[in-house]
Amino acid sequence: MVVVFVYLYVSKICLKQKNLKTIISCYVVACALSILTGILTGSSMELAYQLDGKWSDTTRFLGTFVDPNYCALMSIFAIIGCLCFKPFNKLIRFILLGVLFLGVIMTISFSGYVGLAIILALYLLSKNSFNLKFFIGVAMIGIVAIILYNYGKNNDDIKFLSDIA
């Protein structure tokens, strides 16, 4: 909640649109670098849980944050900034969004997944981008997700993919 109030204060009172776009672009790059640094350094947290009477281990990605949920939350804010303000050209924005989405997915944070789904649904509703191309894209993403899920379930040795599955 504090982040939302700070954002509103900065965007409505302190800065003009151009300066806010610069701040958002720095924030997006910082979050993407946090995720890449976490991948390179192997920053993760081991978690044991009991599911259906059987103990399982999971590796949750941290980035450079102290908690996977923080990593997911800050990455979602960066995704919102990248989608709404479009601070970079299409290729850079696509790469940054890919890294940020990967970071959210690897955190294995249910609240992160729900937040990401809500933000994407609201963004798509605001853009009115529901056409044939959109539905084909959603179907392709769904097919890839199902293939990755099945592959992760059948191969326990893949670090984050098997944990997510």
Side-chain angles (χ1 to χ4, degrees), residues 1-8 10 23-88 91-126 137-165:
M1 204 59 160
V2 172
V3 174
V4 173
F5 287 121
V6 169
Y7 170 77
L8 290 174
V10 169
I23 290 173
I24 294 296
S25 64
C26 291
Y27 180 75
V28 168
V29 169
C31 280
L33 288 175
S34 168
I35 291 168
L36 290 175
T37 302
I39 290 171
L40 292 175
T41 60
S43 176
S44 62
M45 175 177 92
E46 297 294 324
L47 176 70
Y49 60 93
Q50 188 175 12
L51 184 64
D52 295 331
K54 179 183 169 191
W55 282 95
S56 298
D57 294 326
T58 299
T59 303
R60 296 183 69 189
F61 179 71
L62 296 172
T64 57
F65 297 93
V66 296
D67 186 79
N69 295 322
Y70 294 153
C71 181
L73 177 69
M74 296 302 157
S75 298
I76 289 172
F77 284 140
I79 289 169
I80 293 168
C82 200
L83 288 175
C84 295
F85 290 96
K86 296 183 168 97
F88 305 101
L91 177 63
I92 301 295
R93 195 169 56 239
F94 180 76
I95 292 169
L96 288 171
L97 285 171
V99 169
L100 293 168
F101 277 107
L102 180 67
V104 172
I105 291 169
M106 289 188 331
T107 61
I108 310 175
S109 169
F110 184 72
S111 58
Y113 296 161
V114 170
L116 187 60
I118 291 170
I119 293 301
L120 288 177
L122 290 174
Y123 178 75
L124 292 173
L125 283 173
S126 70
V138 169
M140 294 300 291
I141 290 170
I143 290 169
V144 169
I146 290 170
I147 290 170
L148 288 174
Y149 172 76
N150 288 329
Y151 188 74
K153 288 297 274 183
N154 295 330
N155 298 306
D156 292 337
D157 58 338
I158 301 172
K159 189 170 184 177
F160 287 107
L161 183 61
S162 61
D163 292 332
I164 291 170

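If you take CD1 on Ile108 and CG on Asn69, they are separated by 11.0 Å, rounding to the nearest 0.5 Å. Taking CG of Leu102 as the reference point, atom CD1 of Ile39 lies at 5.0 Å (rounded to 0.5 Å). Atom CG of Leu100 and atom SG of Cys71 lie 9.0 Å apart (nearest 0.5 Å). Atom CG of Leu96 is separated from atom CG of Leu33 by 8.5 Å, given to the nearest 0.5 angstrom. For the atom pair Ile35 CD1 and Met74 CE, the distance stands at 12.0 Å (nearest 0.5 Å). The distance from the CD1 atom of Ile24 to the CZ atom of Phe77 is 10.5 Å, given to the nearest 0.5 Å.
The two residues Ile76 and Gly112 have their closest heavy-atom pair at CD1-O, 3.3 Å. Residues Pro87 and Ser25 share a closest heavy-atom pair of CB-CB, 3.5 Å. Heavy-atom minimum distance, Phe61 versus Gly103: CD2-O, 4.0 Å. The shortest heavy-atom contact between Ala78 and Val28 is O-CG2, 3.4 Å. Nearest heavy-atom pair across Thr107 and Ala72 is OG1-CB, 3.7 Å. Closest approach of Ser75 and Val104 over heavy atoms only: CB-CG2, 3.5 Å.
Ser43 contributes no side-chain N or O that, together with a main-chain N or O of Thr64, makes up a donor-acceptor pair within less than 3.5 Å.
The environment of OH in Tyr70 is sparse: at most 12 heavy-atom neighbours from other residues, nucleotides or ligands sit within 6.0 Å.
Between Ile95 and Phe88, every side-chain heavy-atom pair lies at or beyond the 4.5 Å cut-off.
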